Amino acid sequence: MSNHTKIIAAELNLTVQQIEATTSLLDEGATVPFISRYRKEMTGSLDEVQIALIRDRVQQLRDLDKRREAILKALTALDKLSPELEKQINAAVTIAEIEDIYLPYKPKRKTRASEARKKGLEPLATLIFQQGKQDPVAEAEGFINVNLGVPAAEEALAGARDIIAEWINEDAEARSRMRAYYQQHAVIRSAVVKDKADTGIKYKDYFEWSEPLKSAPSHRILAMRRGEHEEVLKLEIAPEEAGAIDILNRLFIKSVHANSRQVKLALDDSFKRLLGPAMETEVRNFSKEKADREAIHVFAENARQLLLAAPMGQRNVLAIDPGFRTGCKVVCLDKQGKLLKNAAIFPHNGQRGVAEAASTIKRLCEEHDIEAIAIGNGTAGRETEAFIRQLGLQGVTIVMVNESGASIYSASDVARQEFPDYDVTVRGAISIGRRLMDPLAELVKIDPKSIGVGQYQHDVDQNKLQQSLDDTVMSCVNAVGVELNTSSKQLLSYVSGLGPQLAQNIVNYRNEHGPFKNRESLKKVPRLGEKAFEQAAGFLRIRNADHVLDSSAVHPERYALVGKMARDLNCTVAQLIRDQALRRQIKLEQYVTEETGLPTLNDIIAELDKPGRDPREQFEAFSFTEGVNSITDLKPGMKLPGIVTNITNFGAFVDIGVHQDGLVHTSLLSDKFITNASEVVKVHQKVEVTVVEVDVVRKRISLSMKPEAQAKPKARSERHQNKTPQSNSTRPHRSSGKAPAKPQQQRQSGGKEKLPDGDLQLKLAALKDLFGK
């Protein structure tokens, strides 16, 4: 058992056996979804989140070991590695600890201390640092050497202090205590750069801002950092200097003699010039990593909910990408999403355009037996929806579809490969239609960062964001399952054990040999070996396959077990699936083995009840309030249906059909106290909201999900007017947000925001444009 196993088991409150089994499976190439679904007996039924945590922590500890090994080798090469030093390094549990220990021995570029050593002043520094009763000036006179650049005692003392300052900065205990002090007591302060107040007006709330770093929310930290990056804000992160100096005094000041006064001068210099800036850099990185984790978590959860939105299913769909001047692009898709016809209509260009557009839509609906019409929710979306609804089409469901990222797809290599003979507008309309039929299958074709959920996604660590999103997409794809004979290369590439190359090989084989008849024939695909088959097979579905279980989530390795269950009941597997009474006769305890326990057996029975069931919710058609098409149509007190488009730490954005999402702040989401909007709503959820306040000029819409009596706006004179930084979310035109308290409020309250109860505008102002274009 490795030391890593003990550490992770303690951290995650799991058993050593669970950690060892999971780590072993991951090292063998098993994916998180596969382990979670098909190796429950080995892991003790760990879920995907726990398995991913184990995977990531194992990697962190292995990276730590690599750095430890590199430092030990470096110290050996320098002939500095003593048994005591080696013991310290091996006992260190973080990268920071190891680096602190290594710092005094680390090769450095030219420093003031190194120059002082060249002048022979290290013995003087050692004597002073011991803080005996000697006279430091008298001792320094013995080190005067004009040829070495030490013409007087004061120069000798200055050089000695430089050396002592470096010793203090490199002391492992000092750095450890200072690091903890900064993390607990640092305050983040921002101020506007001179002459940038006008050009950086979107950062106005941070022109003079201060709050404790440890309680600062991730979106504010990222906003201030972006303001600094854009050279609008000056940012400082530091605790009270007196407290930091006091820590160093207790560590290094040993007496009250003259030598101690020299050490005190060196200590103050070390803090200001070396240790303080180093700690600020560390705490900046620490707070950034923390903010990144929170932002990435929000993004991943929103992406999951959007990917798992309810599909309409296989329908003949007419899809429209709306537009005013350039017209609306129209496509007709069959039940498999294949393009049948495309056209352009101009229903917003006068009466003649309306008549021609109406005729075209009616004709296309009749020719292609259209069952549903999907309309993009961008520019001219509501106007186009109103036009379609007034046509009186019978038996046709009309749905507004979130088109975020459709333009990204239409200009992508994937779209060009699929539709090389059509322009981006036609491809965009196709994407809108397919999203209605199956959001997951279509959204996997674009970068998840482009689907319009999340906050500050371009400011966070991109590698960690990509890992999180890849995990999320893979989890969603495998939870739903993939139809082997109709799925795109992009969807197949997220199936456990496959990836882009094997997905392409599957598509090529399918094109050459026709539809797969059974899962076993997957092994004929070039380069798809036993390991890939084991990982992927259970997540692939084959409708009307040779084997009845090939359309289910039962893994082929358990087919023999299901066959035995059927034989024990004198029936076929097909009869077992059809007849619930037969399934109820199965005594699962009879089939428990060392490899197959009750968790797997219960999964098998659940799958036999509903083979290949889709875990997503049932599709329900949704429509916005007729006649409410723009922000100018809104009035406080209006009750409107809406769809949640984005969830953040401070509230939920809701599309109410006016080309401008409104914000429901966390305080207005529920009658009960909540800390996070995700406790109440999820992305793509249909909700009813009350309009609380509308600011047409600044395009702000404040909404509430509380009873009307608790959602009344305050008088205009009480409203706060500040703006806040704009995020780089791909979702356009976000509304107002929560304002940080004024700096003096922060200082008086020790960093806690004190906002007047019920002053919605004050609570929302700082989030204006948080989700930018």
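Residue numbers count from 1 along this sequence. Note that the coordinates shown come from a computational prediction; the quantities given were computed from them, not determined experimentally.
- Annotation: Lys288, atom NZ; neighbour count of heavy atoms from other residues, nucleotides and ligands within 6.0 Å is above 12.
- From Met178, atom CE reaches atom CD of Gln183 across 12.5 Å, with rounding to the nearest 0.5 Å.
- Listed by chain and residue number, Leu440, Val473, Val477, Gln490, Leu491, Tyr494 satisfy the side-chain contact (heavy atoms from CB on, under 4.5 Å) test with Val444 (two or more places apart in sequence, or in another chain).
- Between Ile19 and the options Thr23, Val16, Thr22, a side chain to side chain contact (heavy atoms under 4.5 Å, CB included) holds for only Thr23.
- Taking the side chain as every heavy atom from C-beta outward, Glu97 and Tyr102 never approach each other to under 4.5 Å.
- Ion pairing of Lys106 with Glu170 is absent here, as no side-chain N (NZ or NE/NH1/NH2) approaches a carboxylate O to less than 4.0 Å.
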### Task
Determine, stepwise, if the pair Leu12 / Ile54 fulfils side chain to side chain contact (heavy atoms under 4.5 Å, CB included).
CA-CA 8 Å; Leu12 301 182; Ile54 293 170; 3.7 Å; yes
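- Counting all heavy atoms, side chain and backbone alike, Gly651 lies closest to Thr666 at N-CG2, 3.5 Å.
- Both the sub-6.0 Å distance and the 45° axial angle are not jointly satisfied by Lys80 relative to the ring of Tyr105.
- Remark: His684 NE2 to Ile647 CD1 distance equals 12.0 Å, nearest 0.5 Å.
- Salt bridge status for Lys531 with Glu534: present, with a side-chain N to carboxylate O gap under 4.0 Å.
- Counting non-hydrogen atoms of neighbouring residues, nucleotides and ligands closer than 6.0 angstrom, the NE2 atom of His297 reaches no more than 12 such neighbours.
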### Task
Test Thr596 against Leu561 for side chain to side chain contact (heavy atoms under 4.5 Å, CB included), laying out the working first.
CA-CA 9 Å; Thr596 309; Leu561 174 61; 3.9 Å; yes
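- The neighbour count for Asp79 CG, taken as heavy atoms of other residues, nucleotides or ligands under 6.0 Å away, does not exceed 12.
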### Query
So Asp171 and Arg177, salt bridge (Lys or Arg N to Asp or Glu O under 4.0 Å) or not? Walk me through it.
CA-CA 10 Å; Asp171 185 87; Arg177 291 194 186 185; over 6 Å; no
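- Within a 6.0 Å radius of CD in Gln504, other residues, nucleotides and ligands contribute more than 12 heavy atoms.
- A salt bridge is defined here as a Lys NZ or Arg NE, NH1 or NH2 lying under 4.0 Å from an Asp or Glu carboxylate O, and Arg37 with Glu48 fails to meet this definition.
- Between the side chains of Asp550 and Tyr559, a donor-acceptor pair is found at a separation under 3.5 Å.
- When each of Arg304, Gln305, Gln467 is checked for a side chain to side chain contact (heavy atoms under 4.5 Å, CB included) with Thr472, only Arg304 meets the rule.
- What you find for Leu248 and Ala174 is that their closest heavy atoms are CD2-CB, 4.2 Å.
- Nearest heavy-atom pair across Ser552 and Arg541 is O-NH1, 3.4 Å.
- With rounding to the nearest 0.5 angstrom, the OG atom of Ser468 is 11.5 Å from the NZ atom of Lys464.
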### Query
Could you go step by step and tell me if Asp292 and Leu465 meet the side chain to side chain contact (heavy atoms under 4.5 Å, CB included) rule?
CA-CA 8 Å; Asp292 281 3; Leu465 175 61; over 6 Å; no
### Message
Using side chain to side chain donor-acceptor pair (under 3.5 Å), reason through Asp63 and Gln59 one step at a time and then give a plain yes or no.
### Response
CA-CA 6 Å; Asp63 290 342; Gln59 188 58 52; 3.0 Å; yes
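- Between Glu282 and Arg175, at least one side-chain N (NZ, or NE/NH1/NH2) sits under 4.0 Å from a carboxylate O, which counts as a salt bridge.
- Within a 6.0 Å sphere centred on CD of Glu679, heavy atoms belonging to other residues, nucleotides or ligands number more than 12.
- Lys73 has no carboxylate O lying under 4.0 Å from a charged side-chain N of Glu86, or vice versa, which leaves the two without a salt bridge.
- Between Asp65 and Arg62, none of the side-chain N atoms (NZ, or NE/NH1/NH2) sits under 4.0 Å from a carboxylate O, so this pair counts as no salt bridge.
- To the nearest 0.5 Å, the span separating CG on Leu498 from CG on Leu528 amounts to 6.0 Å.
- Atoms OH and OG, from Tyr182 and Ser287 in turn, are 13.0 Å apart once rounded to the nearest 0.5 Å.
- Asp100 and Arg179 are joined by a salt bridge, as a carboxylate oxygen and a charged side-chain nitrogen come within less than 4.0 angstrom of each other.
- Donor-acceptor pairing under 3.5 Å is recorded for the side chains of Gln18 and Thr15.
- The heavy-atom pair separating Ala244 from Tyr181 by the smallest distance is N-CE2, 3.4 Å.
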### Query
Does the pair Asn505 and Gln501 meet the rule for a side chain to side chain donor-acceptor pair (under 3.5 Å), with working shown?
CA-CA 6 Å; Asn505 291 353; Gln501 187 56 60; 3.0 Å; yes
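- In summary, Arg284 and Glu289 do not engage in a salt bridge, as defined by a charged side-chain N under 4.0 Å from a carboxylate O.
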### Query
Given the rule in the side chain to side chain donor-acceptor pair (under 3.5 Å) test, do Lys214 and Gln184 qualify, once you have shown the distances and angles that lead to the verdict?
CA-CA 6 Å; Lys214 69 177 182 179; Gln184 283 297 312; 3.2 Å; yes
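- For Lys610 and Glu607, the salt-bridge test fails: no basic side-chain N is under 4.0 Å from an acidic carboxylate O.
- More than 12 heavy atoms of other shown residues, nucleotides or ligands fall within 6.0 angstrom of atom NE2 in His555.
- Taking the side-chain contact (heavy atoms from CB on, under 4.5 Å) definition, one finds that Asp413 meets it with Arg416, Gln417, sequence neighbours left out.
- Once rounded to the nearest 0.5 Å, the distance linking CG of Asn646 with OG1 of Thr648 reads 7.0 Å.
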### Task
Evaluate the side chain to side chain contact (heavy atoms under 4.5 Å, CB included) criterion for residues Leu307 and Val480: first the C-alpha distance (whole Å), next the side-chain angles of each, then the deciding distance (0.1 Å), finally the verdict.
CA-CA 10 Å; Leu307 289 166; Val480 171; over 6 Å; no
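- Residues Ile542 and Arg519 have side chains in contact (heavy-atom distance under 4.5 Å, counting atoms from C-beta outward).
- The backbone N or O of Ala92 lies less than 3.5 Å from a partner atom in the side chain of Arg68, making a donor-acceptor pair.
- Side-chain contact between Leu492 and Leu540 is present, with at least one heavy-atom pair separated by less than 4.5 Å.
- Residues Tyr509 and Phe516 bring their aromatic ring centres within 6.0 Å.
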### Message
salt bridge (Lys or Arg N to Asp or Glu O under 4.0 Å) for Glu595 and Arg39? Distances and angles first, verdict last.
### Response
CA-CA 9 Å; Glu595 291 185 353; Arg39 291 297 179 264; over 6 Å; no
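- The minimum heavy-atom distance between Ile221 and Ala216, with the atom names listed, is CD1-O, 3.7 Å.
- Nearest approach of Arg510 to Thr486, heavy atoms of both residues: NH1-N, 3.7 Å.
- Annotation: side-chain contact (heavy atoms from CB on, under 4.5 Å) contacts of Pro599 (sequence neighbours excluded): Lys40, Glu41, Ser45.
- A perpendicular orientation is assigned to the rings of Phe650 and Phe653, their planes being inclined by more than 60° (bins at 30° and 60°).
- Of the possible donor and acceptor atoms, one in the side chain of Ser412 sits under 3.5 Å from a partner among the backbone N and O of Tyr409.
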